[in-house]
Amino acid sequence: MKIVLIGFMGCGKSTLGRPLARALGYGFVDLDHHIEQCEGQTISEIFAQHGEQAFRSLESRYLREVLEREDIVISAGGGTPCFNDNMDYLATCATTVYIKLSPEMLVSRLEGAHTPRPLIRGKSHDELLEYVRHTLCDRERYYDRASIVVDNPARDVTRIINILKYDEK
Ligand code: S3P
């Protein structure tokens with residue numbers, strides 16, 4: 001089984017993905033981390049030196065590459081399902097889990113985060129809230145196509161596993 005966690009930046013895809021993979025006895029890939037390792041550059045460097053479009057191409061390519069593996073949990077990037085028909089592709093081969101949080105919760109988590117995120121760098125609280133609301137509105141039509149939508153799961157891996165048991169793909 002291939003499980004791909006999707007959702008907005010800061011929703012906890014990586015935090016949940018690792019223990020979920022461990023609990024299932026699956027491999028785990030954090031897509032951003034994988035791209036950084038393969039490319040020898042951080043996500044911020046890729047954005048700064050090559051631009052967002054180049055990043056989206058790499059993201060799509062590495063997504064397809066890691067999806068070749070069996071029994072894997074993949075934490076996608078926030079934009080992964082929203083570009084280059086990736087959501088269509090995911091629908092053909094993986095169980096997707098949308099980790100759904102409100103804009104207010106996302107902002108509070110993003111403000112406390114240490115991971116550098118080029119798309120929100122330097123934004124004030126109000127700018128960030130506006131950006132999250134606006135971008136989430138655009139992206140939710142992709143996220144909502146997930147096999148499973150989990151509202152506000154905190155660190156509740158058990159709940160996700162229980163839902164997955166009834167949704168084998
Ligand atoms: C992005 C989210 C990031 C990373 C890149 C772009 C986005 O991943 O892929 O900065 O477009 O939402 P996280 O969701 O893990 O922060």
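For reference, positions follow the sequence shown, starting with 1. This is a predicted model, so every value here is computed, not measured. Numbering of ligands and ligand atoms starts at 1, following listing order.
Ring-plane geometry between H34 and Y62 is classed as perpendicular, the angle between the planes exceeding 60 degrees on a 0 to 90 degree scale with a lower cut at 30.
Ion pairing between a basic and an acidic side chain is recognised when a charged N comes within 4.0 Å of a carboxylate O; K2 and E68 show no such pairing.
A 6.0 Å sphere centred on NE2 of H134 holds no more than 12 heavy atoms belonging to other residues, nucleotides or ligands.
Applying the side chain to side chain contact (heavy atoms under 4.5 Å, CB included) criterion to S60, with sequence neighbours excluded, gives R64, N84, N86. For E36, there are no side chain to side chain donor-acceptor pair (under 3.5 Å) partners at least two apart in sequence or on another chain.
At a 4.0 Å heavy-atom cut-off, the residues surrounding ligand 1 are M9, K13, D32, I43, F55, R56, G77, G78, G79, R117, P118, L119, R139, listed by chain and number.
The stretch residues 110-119 participates, sequence neighbours left out, in these side-chain hydrogen bond (donor to acceptor under 3.5 Å, both in side chains) pairs: E111-H125.
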